[in-house]
Amino acid sequence: MKKIAAVMAVSAILLSAVYAYNPPVGNESLFEYSSPAALSGRISVTGGALFSAGPDSLIANPALTAGEQRSALNVGFTLFVSGNDENEYPLGSSFQTGIMIPFKLYVFSGFIDGNFTNFDEFYIGNNLNVKAGLSKEITDKLDVGASVSGGLNWGYGFDWSLAGNIGFNYTYGDLGILKNFRYGASLLNLGKSYNDLKRNAYALDDSAAVTDFPQFITLKAGAAASILKNDVMELGFAADLTIPCFQNLILDLSAQFALKNALVLSIGEKINIMEAVRGKSNFVPGFSLSYKFDFSVSNNEYLARNDWSQSEMNVSAGYKNLYKSVHAISAAADLSLGMQDTTAPKITIVGEED
């Protein structure tokens, strides 16, 4: 009887949240506008078509950073430009900054992003959001992670959010023609999301009350792999399916093409079923171009003591046409301190002398 009562209680909670689905347009993807990686689909539950992980991985899956060996810093900025003359302000913006620090037992990540955009066709308001998480390798193939997130949202009302997030990522390996095949899943927004009843005009249905955004209990699941890989180039694909509280389907498709593991072209498309049904979507993929290079800093004792004299920088730029009249232009930089260790350990067996 206790088990039945528990199931009924959980079902009641879920059903009370499922009765309506009416978030402001674009707000289910509230954290995915502040960098070229997010606009072009590189931020996915499996780390993108060609795997990469950093502080911004907390957006999709807190487990992705578990295998990282180097500390990293991240900054990004997006400028929004609206061609709709009815908007009072034709410009908006998003920014992000983050840090990742590997420890012996786990990897810590912290991430901050902000959005300041008040277009009639794309109202994401004014908000600051903070995320912090831990990830850990369980086996050579399985990574897990958990994080907490919170924020403040203002403009046409004031609200706050506080939630937990969990996830895993599994690296299967080669599967036929699929190289480095990976799959993963995450449960996001396990707590209080934003809800502002004064934004009806910007919602999917302007005659109904606004529901939570991003939606409570958002399930993300996906897979990624490379289909072409050699010393010169690599081509990969990734697909994510997002289910916000079992009320909508959002499909993310992305492809990445890399040359010499340095120059990477990323293309991604997001298909939000509910927004498409309401005639809000604009099916134009976003794209980004990134370049990775090494650099050295000499005569700095602190950097030398931490093996950071040689480090790696990844710079990127991207563009996406959002909701027909809104254009997003973005740039970002990711700094990985030190150089990645690619040398296998040497094992020497010392035997007794005769």
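The backbone N or O of Ala49 lies less than 3.5 Å from a partner atom in the side chain of Arg182, making a donor-acceptor pair. Remark: side-chain polar atoms of Arg199 are paired, donor with acceptor, to backbone N or O of Gly155 under 3.5 angstrom. Between the side chain of Asn321 and the main chain of Val326, a donor-acceptor pair closer than 3.5 Å is present. Proximity of a side-chain donor or acceptor of Asn230 to a complementary backbone N or O of Met233 within less than 3.5 Å is detected. Looking only at distances, a side-chain donor or acceptor of Asn200 sits under 3.5 Å from a matching main-chain atom of Ala208.
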(Q) Run the side chain to side chain contact (heavy atoms under 4.5 Å, CB included) test on Asp252 and Ser44 for me, step by step, so that the C-alpha distance in whole Å, both residues' side-chain angles and the decisive distance to 0.1 Å come before the verdict. (A) CA-CA 8 Å; Asp252 287 278; Ser44 84; over 6 Å; no

(Q) Could you walk me through whether Ser34 and Ser94 satisfy the side chain to side chain donor-acceptor pair (under 3.5 Å) test, starting with their C-alpha distance in whole Å, then the side-chain angles of each, then the deciding distance to 0.1 Å, before giving a yes or no? (A) CA-CA 5 Å; Ser34 55; Ser94 290; 5.9 Å; no

(Q) Applying side chain to side chain contact (heavy atoms under 4.5 Å, CB included) to Ile101 and Ile99, what does each step give before you reach the verdict? (A) CA-CA 7 Å; Ile101 305 174; Ile99 186 171; 4.0 Å; yes

**Q.** Tyr170/Tyr183 under ring pair (Phe, Tyr, Trp, His ring centres under 6.0 Å): CA gap, chis, key distance, verdict
**A.** CA-CA 5 Å; Tyr170 189 86; Tyr183 59 87; 5.3 Å; yes

Q) side chain to side chain donor-acceptor pair (under 3.5 Å) between Thr65 and Ser135: does it pass, once the steps are laid out? A) CA-CA 6 Å; Thr65 58; Ser135 60; 2.7 Å; yes

**Q.** side chain to side chain donor-acceptor pair (under 3.5 Å) between Asn127 and Asn115, worked out
**A.** CA-CA 5 Å; Asn127 51 80; Asn115 302 283; 2.8 Å; yes

Q: Using the side chain to side chain donor-acceptor pair (under 3.5 Å) rule, take Asp143 and Asn169 through it: C-alpha gap first, then chi angles, then the decisive distance, then the call.
A: CA-CA 5 Å; Asp143 300 330; Asn169 185 57; 4.6 Å; no

Q | Intermediate values then yes/no, side chain to side chain contact (heavy atoms under 4.5 Å, CB included), Glu234 and Asn261 | A | CA-CA 8 Å; Glu234 185 174 3; Asn261 196 32; 5.6 Å; no

Q: Report the C-alpha separation of Asn282 and Leu322 in whole Å, then their side-chain angles, then the decisive distance to 0.1 Å, and conclude whether the side chain to side chain contact (heavy atoms under 4.5 Å, CB included) test is met.
A: CA-CA 6 Å; Asn282 183 29; Leu322 291 164; over 6 Å; no

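Within 6.0 Å of atom OH in Tyr172, 12 or fewer heavy atoms from other residues, nucleotides or ligands are found, so the atom counts as exposed in its surroundings. Environment of CG in Asp205: crowded, with over 12 heavy atoms of neighbouring residues, nucleotides or ligands closer than 6.0 Å. The number of heavy-atom neighbours closer than 6.0 Å to NZ of Lys141, taken from other residues, nucleotides and ligands shown, is above 12. Heavy-atom contacts from other residues, nucleotides or ligands closer than 6.0 Å to NZ of Lys136 number more than 12. Dense packing is recorded around CZ of Phe77, with more than 12 heavy atoms of other residues, nucleotides or ligands lying under 6.0 Å away.
A tilted orientation is assigned to the rings of Tyr194 and Phe213, their planes being inclined by 30° to 60°. Using a 30° and 60° split on the angle between ring planes, Phe122 and Tyr323 fall in the parallel class, below 30°.
The shortest heavy-atom contact between Lys220 and Leu188 is CD-CD1, 3.5 Å. Taking both residues in full, the closest heavy atoms of Gly41 and Ser254 are given as O-OG, 3.4 Å, listed atom of the first, atom of the second, then distance. When all heavy atoms of Ala224 and Ala238 are compared, the closest pair comes out as CB-CB, 3.7 Å.
Of the residues listed (Val210, Val25, Asp120), the one engaging Tyr202 in a side chain to side chain contact (heavy atoms under 4.5 Å, CB included) is Asp120, and it is the only one.
The line from CD1 of Ile112 to CG of Asp56 is 13.5 Å long, rounded to the nearest 0.5 Å. With values rounded to the nearest 0.5 angstrom, Lys292 atom NZ is found 11.5 Å from Leu263 atom CG. Note that the OG atom of Ser35 and the CZ atom of Arg42 stand 8.0 Å from one another [nearest 0.5 Å].
With hydrophobic clusters built from ILVMFWY side chains whose heavy atoms lie under 4.5 angstrom apart, Leu64 does not share a cluster with Leu50. Linking Ile, Leu, Val, Met, Phe, Trp and Tyr whenever their side-chain heavy atoms come within less than 4.5 Å puts Phe119 and Ile124 in one cluster. Note on Leu337 and Phe103: same hydrophobic cluster, where clusters join Ile, Leu, Val, Met, Phe, Trp and Tyr whose side-chain heavy atoms are under 4.5 Å apart, directly or indirectly.
Counted by atom type alone, Thr78 and Ser330 present one or more donor-acceptor pairs between their side chains at under 3.5 Å.
Under the 4.5 Å side-chain criterion, counting only non-hydrogen atoms from C-beta, Phe116 is in contact with Leu128. The shortest distance between side-chain heavy atoms of Asn189 and Phe216 does not fall below 4.5 Å.
Centroid-to-centroid, the aromatic rings of Tyr156 and Tyr123 come within less than 6.0 Å.
For the pair Glu32 and Lys270, the salt-bridge criterion is met [side-chain N within less than 4.0 Å of a carboxylate O].
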